Amino acid sequence: MLADKNATATIAVKDLAAAKKFYEGTLGFKPTGVEGPGVITYRSGNSTMVVYESQFAGTNKATSATWSVGDEIESIIRTLKRADVVFEHYDLPGLRREGDIHVAGDFKAAWFKDPDGNILHIHSG
């Protein structure tokens, strides 16, 4: 029923202006033009991401959105670090850490947070 439908990441934020600065200015997203009071929709590859104001923003302790970035992971991490993004470090079974990158064989992954503490994840695929 849903397997052939696109999924949308939905990310709650407390301050839409701060989120807009982060998602557009730091991460480079462009609004799709589909906006409403307290909501901005972004295109991400072939999918969409909705960022919306919520009193419950920042309460999720798990990953909110993930991007498969392939071989670009190291250059993306360097670019984000230049934009003062701080990466999270986790002690995960089967992964070793090389700087800000968690590695298992050819798989590389990194996590960081938006201004509301939503955990965002990039990986090599």
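Computed from a predicted structure; not experimentally measured.
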So if you build clusters from Ile, Leu, Val, Met, Phe, Trp, Tyr with side-chain heavy-atom gaps below 4.5 Å, do [X] and [Y] land together?
X: W67; Y: L95; answer: no
X: Y90; Y: F107; answer: yes
X: V51; Y: V39; answer: no

Just to verify, what does [X] make a salt bridge (charged side-chain N to carboxylate O under 4.0 Å, His left out) with, not counting sequence neighbours?
X: K113; value: E88
X: R96; value: E98
X: E72; value: none

Any side-chain heavy atom of [X] sitting closer than 4.5 Å to one from [Y]?
X: I77; Y: I101; value: yes
X: Y23; Y: M49; value: yes
X: L120; Y: L27; value: yes
X: F112; Y: N118; value: no
X: K108; Y: H102; value: no
X: V13; Y: F22; value: no
X: Y52; Y: T10; value: yes
X: D114; Y: T26; value: no

Could you check whether the rings of H121 and W111 sit parallel, tilted or perpendicular, using 30° and 60° as the cut-offs?
parallel

Closest heavy-atom contact between [X] and [Y]?
X: S64; Y: A9; answer: O-CB, 4.3 Å
X: R43; Y: F29; answer: O-CD2, 3.4 Å
X: T41; Y: V50; answer: OG1-CG2, 4.0 Å
X: A12; Y: S54; answer: CB-CB, 3.7 Å
X: T66; Y: H123; answer: CG2-CD2, 3.3 Å
X: I73; Y: S124; answer: CD1-N, 4.0 Å

Could you go through the side chain to side chain contact (heavy atoms under 4.5 Å, CB included) check for V103 and R97 one step at a time?
CA-CA 6 Å; V103 179; R97 201 162 43 80; over 6 Å; no

Should the heavy atoms of other residues, nucleotides or ligands under 6.0 Å from CG of D4 be counted, would the total exceed 12?
yes

Do we see a donor-acceptor contact under 3.5 Å between the side chains of T8 and T48?
yes

dist E53:CD -> L16:CG (nearest 0.5 Å) comes out at 4.5 Å

Using 0.5 Å steps for rounding, measure from the CG atom of D116 to the OG1 atom of T59.
10.0 Å

The single option from K30, K20, E24 passing side chain to side chain donor-acceptor pair (under 3.5 Å) against Y42
E24

Under the criterion side chain to side chain contact (heavy atoms under 4.5 Å, CB included), I'd like the reasoning laid out for N60 against I119: C-alpha separation, chi angles, the key distance, then a yes or no.
CA-CA 8 Å; N60 184 4; I119 301 169; over 6 Å; no

